[in-house]
Chemist: 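Following this message is one structure expressed as structure tokens.
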Amino acid sequence: MKETQIIYTKSARKKIEKYDRPTKQRIRIGIEKLLNDPPEGDIKAMEGYTDGRCRLRIGKYRIIYRFDNDGTIQILYILEVDSRGDIYK
């Protein structure tokens, strides 16, 4: 299994820090399931992007992410985290 590094954007990290402990826990578990092969969860590819962005649904929250390969290390970029009503704006 490839080693995977998770990189959060500044805005995603700030958003996650605002949530209460149970919500943070659910989001963390959801992100960890993305590391499985194949990734687990309610995942859909996002239309209109050429960089392979996908969204993961965790209850009313959405996590926008994409994978990238840097030689031997696979990188999971967490681009945005927000509630359903605000993330697609």
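No hydrogens, no waters, no symmetry mates; every other heavy atom, side chains included, goes into these values. Quantities reported herein were computed from a predicted structural model and do not represent experimental measurements.
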Chemist: To the closest 0.5 Å, what do you measure between CZ (R55) and CE (M46)?
Modeler: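 The CZ atom of R55 sits 9.0 Å away from the CE atom of M46.
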Chemist: Rounded to the nearest 0.5 Å, how far does NZ of K15 lie from CD1 of I87?
Modeler: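 Separation between the atoms: 8.5 Å.
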Chemist: Is K24 atom NZ crowded by more than 12 heavy atoms from other residues, nucleotides or ligands, each under 6.0 Å away?
Modeler: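 Buried by this count: over 12 neighbours within 6.0 Å.
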Chemist: Please answer: with hydrophobic residues joined when any side-chain heavy atoms are less than 4.5 Å apart, are I29 and V81 in the same cluster?
Modeler: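 Each belongs to a different hydrophobic cluster.
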Chemist: Roughly how far, to the nearest 0.5 Å, is CG of L79 from OG of S11?
Modeler: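 So the OG of S11 and the CG of L79 are separated by 8.5 Å.
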Chemist: Mind checking the CD-CG spacing from E80 to D86? Nearest 0.5 Å is all I need.
Modeler: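 E80 CD to D86 CG: 10.5 Å, rounded to 0.5 Å.
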Chemist: Considering non-hydrogen atoms only, spot the tightest contact between G52 and R66 and give its length.
Modeler: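 Scanning both residues, the minimum pair turns out to be O-CB, 3.9 Å.
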Chemist: Yes or no on side chain to side chain contact (heavy atoms under 4.5 Å, CB included) for I31 and L76, after CA distance, side-chain angles and deciding distance?
Modeler: CA-CA 9 Å; I31 290 172; L76 171 59; 4.1 Å; yes
Chemist: State, to 0.1 Å, how close G30 and L56 come at their nearest heavy-atom pair, and which atoms those are.
Modeler: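 Answer, listing the atom of G30 first, then L56: O-CD2, 3.6 Å.
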Chemist: Holding to ring-ring contact (aromatic ring centres under 6.0 Å, His included), I want the full list of residues that pass it with F67, two or more places apart in sequence or in another chain.
Modeler: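 Expected list: Y65.
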Chemist: Treating R53 as the side-chain partner and T50 as the backbone partner, does any N or O pair qualify as donor plus acceptor under 3.5 Å?
Modeler: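 The answer is no, because no donor-acceptor pair under 3.5 Å joins these two groups.
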Chemist: What distance do Q74 atom CD and E3 atom CD have between them, rounded to the nearest 0.5 Å?
Modeler: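 With rounding to 0.5 Å, CD (Q74) is 10.5 Å from CD (E3).
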Chemist: Under 4.5 Å between side-chain heavy atoms, hopping through other hydrophobics if needed: is there a path connecting I16 to I6?
Modeler: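 Yes: a chain of side-chain contacts under 4.5 Å links I16 to I6.
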Chemist: How close do A45 and C54 get, heavy atom to heavy atom, and via which atoms?
Modeler: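 In this case the closest contact between A45 and C54 is CA-SG, 4.0 Å.
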Chemist: Looking at side-chain heavy atoms only, is the closest gap between L34 and I43 below 4.5 Å?
Modeler: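 L34 vs I43: side chains touch.
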Chemist: Between the side chains of E32 and R28, is the shortest nitrogen-to-carboxylate-oxygen separation below 4.0 Å, so that they form an ion pair?
Modeler: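 Salt bridge present between R28 and E32.
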Chemist: With R57, which residues qualify under side chain to side chain donor-acceptor pair (under 3.5 Å), at least two apart?
Modeler: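 For R57, the residues satisfying side chain to side chain donor-acceptor pair (under 3.5 Å) (neighbours in sequence not counted) are D42.
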Chemist: Any chance you could measure L35, atom CG, to E40, atom CD, to the nearest 0.5 Å?
Modeler: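 Nearest 0.5 Å value for the CG-CD distance: 10.5 Å.
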